[in-house]
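Let me begin by presenting the structure, written as structure tokens, before commenting on it.
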Amino acid sequence: MNQAGSMIDPFGRAITYLRVSVTDRCDFRCVYCMAEDMHFLPKKDLLSLEELERLCAVFIDKGVRRLRLTGGEPLVRKNIMHLVRQLSRHLQTGALDELTLTTNGSQLARFAAELADCGVRRINVSLDTLDAEKFRAITRWGVFDKVMQGIEAAQAAGLKIKLNTVALKGFNEDEIPEMLRWAHGRGMDMTVIETMPMGEIDADRTDQYLPLSELRARLERQFTLTDIPYKTGGPARYVEVAETGGRLGFITPLTHNFCESCNRVRLTCTGTLYMCLGQEDAADLRAPLRSSEGNGLVSNAIDEAIGRKPKGHDFIIDRTTKRPAVSRHMSVTGG
């Protein structure tokens with residue numbers, strides 16, 4: 001097996017950040033992410049929690065320092081806290097710097113205290129509106145009050161929260177200043193994200209797409225935004241908001257991609273490794289994982305995959321390119 005820190009891609013980038021989608025299932029059906037009538041993977045195709053933990057351990061041995069659990073909604077995976085507890089051992093040994101997750105908040109009231117007990121220090125909560133009726137409309141199935149209770153429970157447990165908000169033209173663009181004040185007033189950072197062309201949904205993404213360069217220009221009519229070098233390991237570029245004292249991140253895969261500093265790979269719940277969110281190229285890690293009790297075959301498969309990591313993605317949204325840039329839904333790969 002390669003020594004720690006040896007996952008270097010063809011462009012000299014060290015791969016130190018693994019995002020693991022523990023399930024493609026979700027208790028919401030957000031309109032920019034999923035079709036309402038989603039067909040999920042058969043449960044027999046999913047890696048067991050033990051297999052997911054084994055794969056994560058191989059990646060940690062190979063130099064991954066940050067690990068983020070995603071979905072779908074990670075907290076709807078049965079017995080998910082068993083996996084979190086097992087992975088938390090790598091925090092205790094110092095092999096892992098951070099274990100975190102991205103959630104829609106619906107299950108946080110149940111799990112926040114245990115997450116904190118496992119060494120999770122910060123989480124991302126996806127939230128696109130503070131209007132309960134609009135929330136129901138965009139999530140189709142979500143209950144706003146349940147998410148608010150989850151956020152309160154997470155903060156009570158000492159978890160630091162960053163809100164992730166997808167900027168959607170004609171839906172929440174006018175609400176973002178209010179959301180910013182609300183988040184910063186409660187000690188939360190916030191990141192706004194451009195909608196990404198992934199998977200067939202029930203809408204035309206050109207109608208949803210709001211360039212964040214345009215949003216930033218609007219925000220600067222109300223707020224003083226100063227670029228800062230703050231990083232969390234992900235792709236967001238941050239500003240400080242003078243009027244609120246908080247941080248605001250911009251994730252701009254379309255208007256200004258962030259590929260040059262990419263240190264991430266993504267593992268799905270079926271053991272498929274995607275070297276880039278915006279490319280179809282992938283590697284199957286399930287077969288080598290299941291064909292040997294040792295980890296040598298998996299380690300070699302990871303090395304071969306990292307050797308194919310592309311320089312950047314192919315995302316584009318315009319009137320002539322309405323088809324998704326990649327066919328899989330965001331819930332399969334993990335946000």
Side-chain angles (χ1 to χ4, degrees), residues 1-22 24 41 45-47 51-70 87 90 95-100 196-199 231-236 251 253-254 256-316 324-330 332-335:
M1 190 181 296
N2 283 1
Q3 295 303 304
S6 62
M7 288 195 297
I8 308 294
D9 78 1
F11 304 95
R13 298 171 296 195
I15 307 307
T16 58
Y17 185 4
L18 177 66
R19 302 177 68 112
V20 182
S21 174
V22 297
D24 66 326
L41 295 165
D45 290 350
L46 268 58
L47 295 180
E51 288 174 324
L52 281 169
E53 194 229 331
R54 186 177 153 202
L55 269 182
C56 288
V58 174
F59 275 99
I60 292 165
D61 283 345
K62 295 173 73 65
V64 159
R65 303 293 306 177
R66 280 193 166 105
L67 201 154
R68 177 178 294 277
L69 303 181
T70 69
L87 293 173
H90 298 286
L96 200 59
D97 292 333
E98 182 176 56
L99 175 61
T100 183
M196 298 187 196
M198 297 186 67
K231 298 293 278 182
T232 61
I251 295 182
L254 296 154
H256 180 185
N257 80 45
F258 35 75
C259 302
E260 70 280 356
S261 60
C262 184
N263 61 347
R264 297 171 295 288
V265 288
R266 288 171 163 82
L267 179 67
T268 75
C269 52
T270 61
T272 301
L273 182 69
Y274 285 97
M275 289 68 81
C276 173
L277 183 63
Q279 301 271 11
E280 294 284 17
D281 187 31
D284 173 31
L285 301 185
R286 184 174 60 185
L289 182 78
R290 290 181 173 175
S291 63
S292 169
E293 288 187 15
N295 292 329
L297 293 177
V298 172
S299 183
N300 291 339
I302 292 169
D303 288 341
E304 195 273 333
I306 299 300
R308 301 201 312 269
K309 185 169 167 66
K311 192 169 185 180
H313 62 64
D314 293 332
F315 284 154
I316 184 171
V326 293
S327 59
R328 66 186 185 278
H329 285 84
M330 187 65 128
V332 173
T333 322

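These numbers come from the heavy atoms of this one structure, side chains and all, not from hydrogens, waters or symmetry mates.
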Look up atom [atom1] in [X] and atom [atom2] in [Y], then write down how far apart they are to the nearest 0.5 Å.
X      : Y      : atom1 : atom2 : result
Thr16  : Asn263 : OG1   : CG    : 4.0 Å
Ile60  : Leu87  : CD1   : CG    : 6.0 Å
Glu98  : Arg68  : CD    : CZ    : 6.5 Å
Ile15  : Ile302 : CD1   : CD1   : 12.0 Å
Arg266 : Cys276 : CZ    : SG    : 8.0 Å

Q) Could you go step by step and tell me if Arg286 and Glu51 meet the salt bridge (charged side-chain N to carboxylate O under 4.0 Å, His left out) rule? A) CA-CA 9 Å; Arg286 184 174 60 185; Glu51 288 174 324; over 6 Å; no

Specify the closest pair of heavy atoms between [X] and [Y], including all atoms of both residues, with the distance to one decimal.
X      : Y      : answer
Arg66  : Leu96  : N-CD1, 4.0 Å
Ser291 : Pro288 : OG-O, 3.2 Å
Ala282 : Thr272 : CB-CG2, 3.5 Å
Gly307 : Pro10  : O-CG, 3.1 Å

Can you find a pair of side-chain heavy atoms, one from [X] and one from [Y], that are under 4.5 Å apart?
X      : Y      : value
Lys309 : Cys262 : yes
Lys62  : Asp303 : yes
Pro310 : Met275 : yes
Ile306 : Ile8   : no
Asn295 : Arg54  : yes
Val20  : Phe59  : no
Met7   : Val64  : yes
Cys56  : Leu67  : yes

Q) Looking only at atom types and distance, does a side-chain atom of Arg13 sit under 3.5 Å from a main-chain N or O of Lys311, one as donor and one as acceptor? A)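 Here the side-chain-to-backbone pair exists.
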
**Q.** Set of side-chain contact (heavy atoms from CB on, under 4.5 Å) partners for Leu55, sequence neighbours left out
**A.**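 Leu55 satisfies side-chain contact (heavy atoms from CB on, under 4.5 Å) with Leu47, Leu267, Leu285, Leu289, Val298 once adjacent residues are dropped.
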
Q) Sequence neighbours excluded, which residues qualify as side chain to side chain donor-acceptor pair (under 3.5 Å) partners of Arg308? A)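 Scan of Arg308 (side chain to side chain donor-acceptor pair (under 3.5 Å), adjacent residues dropped) gives Asp281, Glu304.
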
Q: Could you list the residues that satisfy side chain to side chain donor-acceptor pair (under 3.5 Å) with Asp97, not counting sequence neighbours?
A: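 Asp97: side chain to side chain donor-acceptor pair (under 3.5 Å) contacts with Arg65.
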
